[in-house]
Number of protein chains: 2
Amino acid sequence: MAKRPETGGRLDDAARAGWLYYVAGRTQDEIATAMGISRQSAQRLVSLAVAERLIKVRLDHPIAECLELGEQLRRKFGLVHVDVVPADPGSSSTTIGIAEAGAAEIERWLKKPEPIVLAVGTGRTLKAAIDQLPAMECPQHRILSLTGNIGPDGSAAYYNVIFSMADAVKARHFPMPLPVLVSSPEERDLLHRQSLVQSTLQLGREADVAFVGIGELGADAPLCLDGFLDPQEMARLMEEGAAGEICGWMFDREGRLLEGSINERVASVPLPPRETTTVIGLAKGKRKYLALLSALRGGMINGLITDETTARYLLSA
Amino acid sequence: MAKRPETGGRLDDAARAGWLYYVAGRTQDEIATAMGISRQSAQRLVSLAVAERLIKVRLDHPIAECLELGEQLRRKFGLVHVDVVPADPGSSSTTIGIAEAGAAEIERWLKKPEPIVLAVGTGRTLKAAIDQLPAMECPQHRILSLTGNIGPDGSAAYYNVIFSMADAVKARHFPMPLPVLVSSPEERDLLHRQSLVQSTLQLGREADVAFVGIGELGADAPLCLDGFLDPQEMARLMEEGAAGEICGWMFDREGRLLEGSINERVASVPLPPRETTTVIGLAKGKRKYLALLSALRGGMINGLITDETTARYLLSA
DNA sequence: AGAAAATGTGAGTAATTGCCCATGAGCGAA
DNA sequence: TTCGCTCATGGGCAATTACTCACATTTTCT
């Protein structure tokens, strides 16, 4: 093609170079020769392919240790699904590994031929997982968001993942055009009576599987950072015994939903019943320990994707 | 896969190392430190993980499929160059995609600084490709036409592409001031003894790369439409087993040049030797399937630019 | 139990890759 | 048009990775 700095064509080239490098196993020199560019340009294309997430790497081997930990977690907390990924002690990322494993599990569900209802929560971890999803055509499935996608300031919240998901997965999707928290129980009920919201609420009860992040509490909790709660409210909640939240639903150290006022203002879809739905939590890292452990104790989630280090903590607790 | 108790643990290590390397992005040095082994051992584990296919790399881009098909074609027919472009099921054009890709490949060759000899055949597909070429200055190269540019009625034939090419590309060009088909072998030999023609013939043997169309046979074949052959001759040729033509050279279903009289009347430059020259065929579409497959089988071409649909057919045949 | 074969290990070395910088082309503003 | 900005390019160099060889260890066969 001519000398037009067209991004689309460039991405195509990046895909081509990335394929030759990772799939065909050519060296960058060979790629450069084949594509008629310099070796340096080939290198740039390859790293562009990685940066643009065109290249998805996945490890397909049950590491014995992780399996063992997973099995113990399954027994201890009565889980129906566990995935433990290797720890990377050197990395400070809170999503690495979890995101890939989460994407793999989501993909597994979406590949089913029979129609399912898949629910997603929100949060950085879940967002990272969704970003790992390949493009898929799944007209038979329905995907819903368990939480509202409106921020406290009326804007669309960043980490509502359902729209990212809709980009990758072609299926009917049902967002929640509400804030996560509203000002009063009455307002919540009013909003929930809207017919659009009604159908999403109904869908939530029918979900086959749900993927949710686990929110920790504290001054730098996601709910504070994103402006849903101010520090005073957060402090009061913690005094009342809150240990974590899932989709905005606050729970204590035993994994019981808080009786206090806060949960009456949460506009999210109720967590689907764990008797019929697989609710998989994605989380790793020290800051999530308490929230995760509490959620597991109380059976708020019956599926878990975490890493080795976190798994060990959960077992020792 | 051996079932030794030792190997299991080793594969686990390999999986772990591979995970750290590919998913977490650590260097082999870091992995070695983390796992308490030498760098060399870490390297071995990583390559073991690859060799054992524990690591799955996937390219998430429409181009990926095309590259995969191209690789299979390359292996099946021993090609030195393959380009498979995405199919456009909605279009009935016989050139869309091919033309652009062909132009890109021609451009790639013309951009080379060292002098090359580039040969072109004729046909609608090739003409469409040439039309996609940008203006270029290439005084170092020589471009020749493999086929005559004189029609059966003495006029200049439409689809002789070298003149179009000369418009866009500033390089020395060598047309063939002959018809594609002459009336007898003797006439052909006479014409070929002209000194102008002699130099073009010589150049043909030296060509670095040739771009040719693939002609199908039948009542509405290009050779008939353009008046080089009348329907009776065409029918007789097909009875003799002709499956297609390249630059006028007829070949059978095994891609062998026909022994009959017709090829003795073809005044084109012989196809450059495939041992030293990259001869790239451009073609797509159902009507070209037989001709294309035959040419590939017999090694008449060692390069191919086609579309996804055609590629699938060629692989299944 | 002993020898032979297979496999793992570490060191050195060649090949490959990643990064920085100077350069030049394209594009928008003055 | 010209200036200034941005960005892709390619060369060079340092870091990283892959390969080869000799040796040590383990396994297997008799």
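Proteins come first, then strands; the chains are lettered A, B, ... in the order of their sequence lines, and each starts at number 1.
- Remark: C1' of D:dT17 and CG of B:Leu48 are 16 Å apart, rounded to the nearest angstrom.
- When rounded to the nearest whole Å, the span between CG of B:Asp13 and P of C:dT7 equals 18 Å.
- The phosphate of C:dT16 (OP1 or OP2) has no side-chain N or O of A:Tyr21 nearer than 4.0 angstrom.
- Rounded to a whole Å, the CD atom of A:Gln43 is 17 Å from the P atom of D:dA14.
- A:Tyr21 is linked by a side-chain contact (heavy atoms from CB on, under 4.5 Å) to A:Gln28, A:Ile31, A:Val46, counting only residues two or more places apart in sequence or in another chain.
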All N/O contacts under 3.5 Å from nucleotides 9-13 of chain D to the protein, with atom names and distances to one decimal?
from: D:dG10; atom 1: OP2; to: A:Ser38; atom 2: OG; distance (Å): 2.6
from: D:dG10; atom 1: OP2; to: A:Ser41; atom 2: OG; distance (Å): 2.8
from: D:dG10; atom 1: N7; to: A:Arg44; atom 2: NH1; distance (Å): 3.2
from: D:dG10; atom 1: O6; to: A:Arg44; atom 2: NH2; distance (Å): 2.6
from: D:dG11; atom 1: N7; to: A:Gln40; atom 2: NE2; distance (Å): 2.8

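- Overall, the helix from C:dA1-D:dT30 to C:dA30-D:dT1 carries an axis bend of 40° between its ends, with five pairs at each end and the value rounded to 10°.
- D:dA15 atom P lies 19 Å from atom CZ of B:Arg26, rounded to whole Å.
- C:dG18 atom P lies 10 Å from atom CD1 of A:Ile31, rounded to whole Å.
- For A:Ala221, the side-chain contact (heavy atoms from CB on, under 4.5 Å) test picks out A:Met234, with sequence neighbours left out.
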Pairs of donor and acceptor atoms involving the side chains of residues 134-144 of chain B, under 3.5 Å and at least two apart or interchain, shall be tabulated with distances.
from: B:Gln140; atom 1: NE2; to: B:Lys112; atom 2: O; distance (Å): 3.0
from: B:His141; atom 1: ND1; to: B:Ile116; atom 2: N; distance (Å): 3.0
from: B:His141; atom 1: NE2; to: B:Leu110; atom 2: O; distance (Å): 2.9
from: B:His141; atom 1: NE2; to: B:Lys112; atom 2: O; distance (Å): 3.1

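- Rounded to an integer number of Å, the gap from CD of A:Gln28 to P of C:dT17 is 4 Å.
- C:dG10 atom P lies 11 Å from atom CG of B:Leu45, rounded to whole Å.
- Following rounding to the nearest Å, A:Leu20 (CG) and C:dT17 (P) show an atom-to-atom distance of 12 Å.
- Here B:Phe174 pairs with nothing under the ring pair (Phe, Tyr, Trp, His ring centres under 6.0 Å) rule; sequence neighbours left out.
- By the side-chain contact (heavy atoms from CB on, under 4.5 Å) test, B:Arg53 pairs with no residue at all, sequence neighbours left out.
- Summarising the geometry, atom CD belonging to B:Gln72 is positioned 5.0 Å from atom CG belonging to B:Leu315; distances are rounded to the nearest 0.5 Å.
- A:Ser38 meets the side-chain contact (heavy atoms from CB on, under 4.5 Å) test with A:Gln40, A:Ser41; sequence neighbours excluded.
- Using modelled atom types, one finds a donor on one side chain and an acceptor on the other under 3.5 Å when comparing A:Asp307 with A:Thr310.
- Not a single salt bridge (charged side-chain N to carboxylate O under 4.0 Å, His left out) links A:Arg44 to another residue, sequence neighbours left out.
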Please write out the pairs of protein N or O atoms and N or O atoms of nucleotides 22-25 of chain C separated by less than 3.5 Å, giving the distance to one decimal.
none

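- When the salt bridge (charged side-chain N to carboxylate O under 4.0 Å, His left out) test is applied to B:Arg312, the partners found at least two apart in sequence or on another chain are B:Glu65, B:Glu308.
- By the salt bridge (charged side-chain N to carboxylate O under 4.0 Å, His left out) test, A:Asp29 pairs with no residue at all, sequence neighbours left out.
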